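Report on one structure; see the data block that follows.
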Amino acid sequence: MLFSRRERPRLLAEFAAPEEMSRALEALRAAGYRELETYTPFDMPRTTPALGLRRPRLPWIIALAGLSGGIVAYWIQWFANAWDYPLNVGGRPVNPIPAFIPATFEGTVLAAALVAFFGLFISLRLPALWHPVFEIEGFERATIDRFWIEVGGVQSDLDARELRRIVREAGALRVVPLGREGT
Amino acid sequence: MSDELRHGYWRSLAELLGAAGLREDALREFPPGVDGPPTGMSRRAFMKLLGASAALAGLGACTRAPEEKILPYGRQTPELTPGIPLHYATSMVVGGYATGLLVESHEGRPTKVEGNPEHPASLGAAGVYEQASVLQLYDPYRARSAREGRTRKRWEDFARALGTMPGAQTGGTGSGLHFLLRPTSSPLTATLIRRVRERYPEAQFHFYAPFDGRTGPVSSLALLGDALVAQHDFSRARVVLALDSDFMGSGPFSLRYARDFAARRHSGISRMSGAGPGPGMNRLYAVEGMWSPTGTLADHRLRVRAGDVAAVAAALLREVITLRGGSAGAGAAHVQGALEPIASGAPAPRRWVDAVARDLVDTAGSGIVIAGYDQTEAVHAIALALNAVLGNTGRTVWYSASPIFEHGEASHDLAPLVDAMRAGEVQTLVIAGGNPAYDAPADLDFTQALKSVPHTAYVGMYENETAAACRWFAPESHYLESWGDARAYDGTVSLIQPLIAPLYDTRTVDELLAVFAGPDRAGGTSAHSMLRESWRDRAGGIFEEREWEETVGRGLAPDTQLERRTPSLRWSALAPLLESARLTGGIDIVFERDPRVYDGSFANNAWLQELPDPITKVTWDNAAVMSPATATKLNVGTGDVVTLSLRGRELSAPAFVLPGHADDAITLRLGYGRDGAEEVARGVGVNGYQLRTRGAPHVDGPVKVERVLAGGSAERHELATTQMHWRLQGRAIIRQATIEEYRRDPDFTGAQSTQQPSLYESYDYTKGDQWAMTVDLSKCTGCGACVVACQAENNVPVVGREGVLNSREMHWLRIDRYFTGQEDEPEAVMQPMLCQHCEKAPCEYVCPVNATVHSSDGLNEMVYNRCVGTRFCSNNCPYKVRRFNWFDYNREIAETVQMVKNPDVTVRERGVMEKCSFCVQRIRRAQIAAQLDGRDVKDGEVVTACQQACPTRAIIFGSYTDPDSDIVRSLLEKRSYTVLHELGTAPRVRYLARITNPNPALEGEA
Amino acid sequence: MAEPAGAVEACEHPQLDPYPVARELGDDAALTDQLLSPLWTRSKVWWVLFAISGLLALLFIVSATYTVARGIGSWGNNIPVAWAFAITDFVWWIGIGHAGTFISAFLILLGQRWRASVNRLAEAMTLFALVNAGLFPILHLGRPWFFYWLVPYPATMKMWPNFRSALPWDVAAIATYFTVSLLFWYTGLVPDLAAARDRAPGRVRRMVYGIFALGWRGAGRQWRQYRVVYLVLAGLATPLVISVHSVVSLDFSIAQLPGWHSTIFPPYFVVGAIYSGLAMVLMLMLPVRRIFHLEDVITRQHLDKIAKLILATGLMLAYSYMCETFIAWYSGDQFERYTYLFARPQGPYAWIYWAMTAVNVLVPQLFWFRKLRTNVVVLFAASVLIWAAMWAERFVIIVTSLERDFLPSSWHFYAPSWVDWGLLIGSIGVFFVLFFAFLRWVPFVPVSEVKRLRFEVRRKAKLEIALAGEKPSEALPEARLRLTEGER
């Protein structure tokens, strides 16, 4: 073992065109690399499978939030008008279900939306204003017109050389190890 | 502080708010020129300061109780609401006649006026003047100190100065000393006048009021040989013919007459619909030019010019005499000739005259013919004759000496005085009350004549036009600050006792006269001591303290009516009187007392200024009222300014087109266009007195009417009316039927009285008190007493002319006036409209903050403190009875005016809704009282302000869970219905359909 | 693998527009620069416009202050017309807001990818319209300082709002709508903020944009999660936008006032809202497109499509007009009939009624013709007319119904005061102050979405060429052209 598991290097490859990047990605995956990550200026849904991600749980959480939001909203109305301080208002019943529906619906949506929004950034560990990749010189183009692949789990120098070959074939402009200035 | 002490009321919000920007705003919203002159500001600023200083002085005085012992009203009668802060009996004098009142006093602060149930002129009711008079007491524009020229003086200085005036020096004969008083019925004043005359044999007394009703006594002087006034008993009258007489709406005893007439009418309706005993329904014929409250209740209203009423009356008399034949009496026969020339010109359909004459004859002995208070001698004479021929005299009609001192005598004519003034015979003129410089006949030019009088002194409540024309001025006390007495129309001697010590350095007219009369036998010069002395005299020296207390406590001396007299008629004297009956061509102008500001003496009362005219619904203005036909002929519309030219005098006034007004006549209400120091009254409306002459105080003509053109287009003056539309649009808001129809189909309102089906189970409204109200459309004259009563009881603010123009009036109770029938001969119907306290109130469920909710006893409650002012409730109220505080109306009023507020009712802040509460403060007070005695609230224990004021008892209020109560009886009347029933609001206010009793012989006539 | 619909299908969507982003653009870098440069380039025009709207906003502040200081009496309102300008303005603005959400949420669900270039602008419009919409109901209160009484909070006196009333529904709806729109808008903004961070000149700008970008890296994992949430938010916003104006319409239809008490109000109001909003989107888009030379990003295709939507919603609105009038007559109810057949068409405000009916029904008919749909002048004129006419529609519904209700005795005319006008015109100023600030400091075209769109278009073009077989030279010149652009 040349490197301890902790110091296992992560390499990044920069591409000029999305097509090249996705080609490289496919190749890497074929070559058995699993710790893959891409950095692209825009969303590229087709590259997602190659990253081998788990099914997201967030939608279910959001649904749950919506449901409880609705329940709370109705409960507030019922508690206020029917339980805590019932009043004879225009001879109407104290718990008029139809009248309580609109606010209940809004409560549902509000809760769901809040959870969706905050859930997104929490699940992405954002905000995180600093990240190792930002240290790589020229990485800022990742949000403009450059496409990057990050590969982890490189076992050995042999692996590394192999990996370099693959991405270069795919058209990588350069390959840099994360944290160190690459060649 | 000075900001807090703003002047009392305002004519425009711009003025009220003072902000220049907003004044422009007001002008933008409303046609320019509508607002008061901008130059007024500096003067106004001065007035503010004046008001401020004096208001403080007033505050110091207000809590002080009078030195003399005043006595609370002891006797409890069913009409009285127990538990209310002390009530004191007193009397208010309007036009010389007293009306007995009970005044509610909070900690020595009078806040509300009610009628005195024991007083014959009131029977518990109180009219608009009485209701509003309490505001006048606190009017910040009342004169506060005496003055000579421009320098302020004290009353004592004034009294001293009077003593030095020529004719008045002690030992003098009184030559050149003249007094000008209002016509008075006060025994005390009479005594004092007598004593002054004893002391100054040559001193002369004159009496003047623009509406003194002396035509009656004058005609009776001729026909009956003595100056008498006619008295009537409407409770026994089956048929009433009102000859231009508003006997239910205005004039002395109108409250009593209205009560009697309505009572008879109601029992008639109940009986003829098989629902009760009592006499049959009475029938009312009205002959009039301008709508009067009485006219709106008439079963048949003949629309003729006031000037032609005499002719119609003559035609009737002629017809009646023919029908009565021999029984008419010998003299009757040969007046026929004299009647002929006038009668033949009568603008009345033959059929109408026949039918009415026949009806009068059929009910001979139980009918009443009553002539208008201000009508000519001729009309009074004919009425007198008619009653005689019909044998009503002695039964429903009788006569009595006039309670007014020297009524019908020369002293009641202003002309001799003015001549004397011009001739320089008048050295000293002392004017006590009234406002002759403003309201004297134009042709006498009183103000000019006044200049030729070296010494002039005026005592009055305001620094008005007359005060301005006199060298000396001293302020007069308000009746709520005064001791005194006066007679009611029937002669009953009524006490005036003060509710509060004079707010300012003021005296009463009696105290003024005492300056000349000197101290009485007991050495008193104060009104109180003089009053007691004069009563001791009348009681023949023996006068028990107890009796006195008894009398003062009750406010009247029982059994002091003037004796009934029924002298026989001198037919021969009739003919000459008829000469005053005139039929002119061209357009007549009719001068009328205003139902709100009277002759102008109440012009500074903002409550009255904002009270809509019963018929035109105009506020803060008077107008040249004319019929649609006349308007078309003159090519003018409502709001167009027209010039009225009469005998070389000119006056510009806005026109108002009124259906049902007589053609070729213009009615002009007097009392406006004031130019005194009264800020509220100043510049409101036009001064009709400028056209009114001594010869024709009531009707004059022909008048030339021209539209005023301003740059090609007609000059306009928007009239602030509270009701823009008077058609019912075929909506079943007002229900009415003739007594015949009602008998045939008693359930004609059935469809509008049942409970509407509902998806919701309704709340239980069967236990405890369940408040409800009925309003009887057969009785409502639309006089407006209830509106002012409500305003006084519930601290309802005034919004001013701009406010009304923008439909922001705050009245919790309004009276809707609709015209029905044909355009040219319409009927007018009055409908008091207030919160209906719906059991399924549309206003409640739309309030986002539960600020308006329902109480367990069926009240639609308004929680001011919770209201945020979304105004959704008003949008959703189909009756539009909710009122919104657009500005902070109550922070802007003078401190004196704050004293009129009822401490039992919240004063609302800006931005909250308000509306009728069924006088919840009275309900709760009664409930607490009942709880303390461990009993239920008795029927009649809770009386709403409107109900209490109503002269005709058109409003009934109570809890329907009490089976044996007036309200239940009233609710169960078949003709009861709810307005906008189809909306399913389930109102607690029900209306009793209007039942009329037309003459079958006049089928299809108006 | 959860590939949310829309996102991917859209790529092969048969109707996918041939060139939603036109050819004249450089590579991604150039494109990014063009779209972001307004954020750091000075502009005189901008300052002038910003100053003008600032003055108008000042008018709003003056009027509002005056209202609070003096009371609602400074408006023209009265009894019976207790609601007038303020509520009209409120409904109008909130209606306008709806188009933004409609374009960004609705169209994404329907896979209308062309929306990419315009949705940011539309969403911003929503937010700023909502700011105004939120102000009016509060100003309108008699005691605005107590507005929070409409919110359920545990008060010592146990005083709760009354949820039977539509107004607390309003509070809930508007609050929710504003929050969700803001979250939705910000979420969409993050990648572009990151781009701005990485492109902006000067340290300060970098730091500011950096902070707001929250450290976005465009990592595949981020994009996946982002995609999911963005769609969920779109899914929530779509029913929300419908519920909001439905609730607003209930403010009127739960009342029993003739002219308000109508069951077709919810759909009728929603359609009207989107209609007016689309008009305003055009109103804003056309000048922006011109000033910033975005003809290649916001193409004639976009104009054409929005015009079509206006036509569609316009027709629905016309139907609603017919429907409510017919029902009023058909109901036989005398009060309903009076309001619809007399008070509105013949009453004191008949001229407004007829003007707004004419504009709202006739003007959209222009858009049957493609020529007019893509004619900038016509579009702008039409959208301004519709924008104003929709204000008039709300005025007619609110004021003419109140002026003449059940008892003729209480009928009264309404006339606005200068404060009413000040608030209306001022609110437009407030809107534009916010809008111009947005143009100046926020990426107003979603850069990353445009890039993605371009990429997909290109890939599709390649596909077509591949399908065309051996002879690329003759293969669809159109597609080839695009291809070369893409790879230039």
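Values reported hereafter were calculated over all heavy atoms of this structure, with side chains retained and with hydrogens, waters and symmetry mates removed. Residue numbers begin at 1 in each chain, while the letters A, B, ... track the order of the sequences. Keep in mind that what you see is a predicted model, and the values were worked out from it rather than measured.
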Can you tell me which of [options] forms the most heavy-atom pairs within a distance under 4.5 Å of chain A?
options	value
C/Ala219, C/Gly215, C/Ala195, C/Ala172	C/Ala219
C/Ala166, C/Ser246, C/Ala175, C/Pro239	C/Pro239
C/Lys158, C/Arg217, C/Gln225	C/Arg217
C/Val229, C/Leu183, C/Ile211	C/Leu183
C/Arg164, C/Met159, C/Glu449, C/Arg197	C/Arg164
C/Leu250, C/Val171, C/Leu236, C/Thr179	C/Leu236

Which atoms of [X] are under 4.5 Å from chain C, going by heavy atoms: the side chain, the backbone, both sets, or neither?
X	result
A/Leu87	backbone
A/Pro98	neither
A/Ile144	both
A/Leu129	both
A/Pro96	side chain

Quiz item: Is the A/Phe100 ring parallel, tilted or perpendicular to the C/Phe163 ring (thresholds 30°, 60°)?
Solution: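 Correct class here is perpendicular.
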Quiz prompt | Residues A/Arg146, C/Asp28; criterion side chain to side chain contact (heavy atoms under 4.5 Å, CB included); working and verdict | solution = CA-CA 9 Å; A/Arg146 283 286 195 267; C/Asp28 283 358; over 6 Å; no
Exercise. Apply side chain to side chain contact (heavy atoms under 4.5 Å, CB included) to the pair C/Arg227 and A/Thr48, showing each step before the final yes or no.
Key: CA-CA 11 Å; C/Arg227 198 187 310 141; A/Thr48 317; 3.0 Å; yes
Quiz item: Does the side chain of A/Thr40 come under 3.5 Å of the side chain of C/Arg452 through a donor N or O and an acceptor N or O?
Solution: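 No - no donor-acceptor pair under 3.5 Å links their side chains.
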Quiz item: Are C/Trp160 and A/Phe79 an aromatic pair by the rule of ring centers under 6.0 Å?
Solution: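 Yes - the distance between ring centres of C/Trp160 and A/Phe79 falls below the 6.0 Å cut-off.
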Going from [atom1] on [X] to [atom2] on [Y], what distance comes out if it is rounded to the nearest 0.5 angstrom?
X	Y	atom1	atom2	answer
C/Trp169	A/Glu106	CH2	CD	11.5 Å
A/Leu120	C/Tyr226	CG	OH	8.5 Å
C/Tyr186	A/Phe121	OH	CZ	6.5 Å
C/Leu193	A/Thr143	CG	OG1	11.0 Å
A/Phe105	C/Thr176	CZ	OG1	9.0 Å
A/His131	C/Trp216	NE2	CH2	12.5 Å

Self-check item: N/O donor-acceptor pair under 3.5 Å between C/Lys451 side chain and A/Asp43 backbone
Solution: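 Checked: no pair found.
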Quiz item: Between C/Val447 and A/Phe42, is a side chain to side chain contact (heavy atoms under 4.5 Å, CB included) present by the stated rule, with each step listed?
Solution: CA-CA 9 Å; C/Val447 186; A/Phe42 53 83; over 6 Å; no
Exercise. Could you tell me which non-hydrogen atom of C/Met157 sits nearest to which non-hydrogen atom of A/Tyr85, and how far apart they are?
Key: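 Shortest heavy-atom contact: O-CE1, 3.7 Å.
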Quiz item: Which atom pair, heavy atoms only, marks the closest approach of C/Gly220 to A/Glu37?
Solution: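 Closest approach of C/Gly220 to A/Glu37, heavy atoms only: N-OE1, 2.9 Å.
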Quiz item: How about A/Arg125: does its CZ atom have over 12 heavy atoms from other parts shown lying under 6.0 Å from it?
Solution: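 Check fails, neighbour count at 12 or below.
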Exercise. Among A/Ala73, A/Ala116, A/Ala103, single out the residue with the greatest number of heavy-atom pairs under 4.5 Å to chain C.
Key: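 Most heavy-atom pairs within the cutoff with chain C belong to A/Ala116.
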Quiz prompt | Chi angles and distances behind the side chain to side chain contact (heavy atoms under 4.5 Å, CB included) call for C/Thr32, A/Asp145 | solution = CA-CA 9 Å; C/Thr32 312; A/Asp145 62 344; 5.9 Å; no
